[in-house]
Amino acid sequence: MRFSFILAGILFFSSCGNAQNQAKVAKEKYEVQKSEEEWRNELSEEEFEVLIKKGTERPFTGDLLENKETGVYTCAACNNPLFSSNTKFKSGSGWPSFYDIIDQEKVKLIKDTSFGMIRVEVVCGKCGGHLGHVFDDGPKPTGLRYCINSVALDFEPQK
Ligand code: FE
């Protein structure tokens with residue numbers, strides 16, 4: 001239900017306004033703003049490819065896929081706390097999967113029509129870094145599956 005509402009909101013938003021206005025919004029909405037060159041210097045090649053270039057790591061290759069420790073998953077670009085280990089589940093997709101985010105404000109959802117599919121992209125709400133996608137085939141209580149690239153995340157174990 002909540003997912004449908006979010007999706008309707010995205011479709012509504014994307015149907016209004018011209019591209020110029022949307023580009024302006026996109027530029028102003030992130031607290032952390034860096035040029036591609038700055039990100040390239042700060043991130044590893046793999047992190048840059050996923051977070052900045054919106055790439056996808058190969059499934060079943062991520063360091064955090066099988067991580068079962070208690071703690072918090074943060075954005076690998078800006079340290080924004082995104083997911084709790086409490087909401088991580090085994091999806092079988094080959095990418096770390098979560099059924100909820102720590103706080104709705106921590107991410108932004110963007111309609112993604114690349115590769116001939118309509119998907120909802122998940123980006124970091126603080127830096128705009130690409131994290132992955134969210135699907136509506138997750139487990140209870142949310143029914144959501146945040147399918148996130150391991151390389152876009154860092155893990156902070158609970159002390
Ligand atoms: Fe970030």
Side-chain angles (χ1 to χ4, degrees), residues 6-7 9-11 13-67 69-88 91 93-135 144-159:
I6 293 167
L7 190 61
I10 289 164
L11 293 172
F13 177 75
S14 61
S15 67
C16 341
N18 59 39
Q20 207 176 6
N21 279 343
Q22 285 186 21
K24 200 174 162 193
V25 170
K27 207 176 176 201
E28 286 168 359
K29 70 184 171 185
Y30 300 110
E31 187 185 324
V32 175
Q33 292 190 27
K34 290 179 186 176
S35 68
E36 251 192 46
E37 201 183 329
E38 286 174 294
W39 283 126
R40 202 183 279 279
N41 290 332
E42 279 184 29
L43 303 174
S44 72
E45 204 173 311
E46 291 78 14
E47 288 169 343
F48 182 83
E49 192 50 42
V50 170
L51 284 154
I52 310 304
K53 292 301 197 181
K54 300 185 185 295
T56 300
E57 72 193 8
R58 280 185 299 121
F60 302 101
T61 61
D63 292 342
L64 295 171
L65 178 62
E66 300 292 342
N67 184 36
E69 280 184 67
T70 302
V72 171
Y73 293 83
T74 61
C75 171
C78 77
N79 273 326
N80 193 19
L82 301 168
F83 302 98
S84 161
S85 57
N86 295 336
T87 64
K88 192 172 190 279
S91 69
S93 68
W95 293 280
S97 301
F98 305 86
Y99 64 75
D100 208 355
I101 42 187
I102 281 183
D103 180 321
Q104 293 291 330
E105 302 295 307
K106 299 293 185 192
V107 301
K108 283 193 165 61
L109 303 179
I110 300 170
K111 184 184 169 193
D112 176 5
T113 55
S114 64
F115 301 106
M117 294 178 275
I118 298 177
R119 295 179 296 172
V120 179
E121 182 192 3
V122 184
V123 305
C124 173
K126 195 171 166 187
C127 74
H130 172 79
L131 302 169
H133 290 87
V134 59
F135 302 93
L144 299 178
R145 171 171 60 95
Y146 289 87
C147 183
I148 306 299
N149 289 281
S150 176
V151 77
L153 300 172
D154 280 335
F155 180 69
E156 285 177 16
Q158 195 176 57
K159 287 175 194 116

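Listed here is the closest heavy atom pair of L131 and C124: CD1-N, 3.6 Å. Across all their heavy atoms, C127 and W39 have their closest contact at CB-CZ2, 4.1 Å. Between L64 and D154, the shortest heavy-atom contact is CD1-C, 4.3 Å. Here the closest heavy-atom approach between residue Q33 and residue Y30 is recorded as NE2-O, 3.0 Å. Across all non-hydrogen atoms, the minimal contact from E69 to P157 is OE1-CB, 3.8 Å. In terms of heavy-atom proximity, S93 sits nearest to P59 at O-CB, 3.8 Å.
For the atom pair CG (L51) and CD (E46), the distance works out to 11.5 Å, reported to the nearest 0.5 Å. The CG atom of N86 sits 10.5 Å away from atom CG of D100, with the distance rounded to the nearest 0.5 Å. For the atom pair NZ (K88) and CD1 (I148), the distance works out to 11.5 Å, reported to the nearest 0.5 Å.
The side-chain heavy atoms of F98 and V122, taken from C-beta on, include no pair separated by under 4.5 Å. W95 is listed as a side-chain neighbour of N149, based on a closest heavy-atom distance under 4.5 Å.
Judged by distance alone, the side chain of E57 and the main-chain N or O of V151 form a donor-acceptor pair under 3.5 Å. No donor-acceptor distance shorter than 3.5 angstrom exists from the side chain of K29 to the backbone of G125, with no hydrogens or angles considered. Between the side chain of S150 and the backbone N or O of D63 there is at least one donor-acceptor pair closer than 3.5 Å.
Taking the six-membered ring where tryptophan is involved, the planes of H133 and F135 are tilted, since the angle between them lies from 30° to 60°.
Checked against K54 for a side chain to side chain donor-acceptor pair (under 3.5 Å), the options E49, H130, E121 give a single hit: E121.
The 12-atom threshold is exceeded at CG of D103, counting heavy atoms of other residues, nucleotides or ligands nearer than 6.0 Å.
By the side-chain hydrogen bond (donor to acceptor under 3.5 Å, both in side chains) test, S35 is found to be paired with E38, residues two or more places apart in sequence or in another chain being considered.
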Inset, instruction - Show your reasoning for whether side chain to side chain contact (heavy atoms under 4.5 Å, CB included) applies to V107 and L109. - result: CA-CA 7 Å; V107 301; L109 303 179; 4.3 Å; yes
Sequence neighbours excluded and cut-off under 3.5 Å, please list the side-chain donor-acceptor pairs for residues 72-83, or say none.
from, atom 1, to, atom 2, distance (Å)
Y73, OH, N67, ND2, 2.9
N80, ND2, K106, O, 3.2

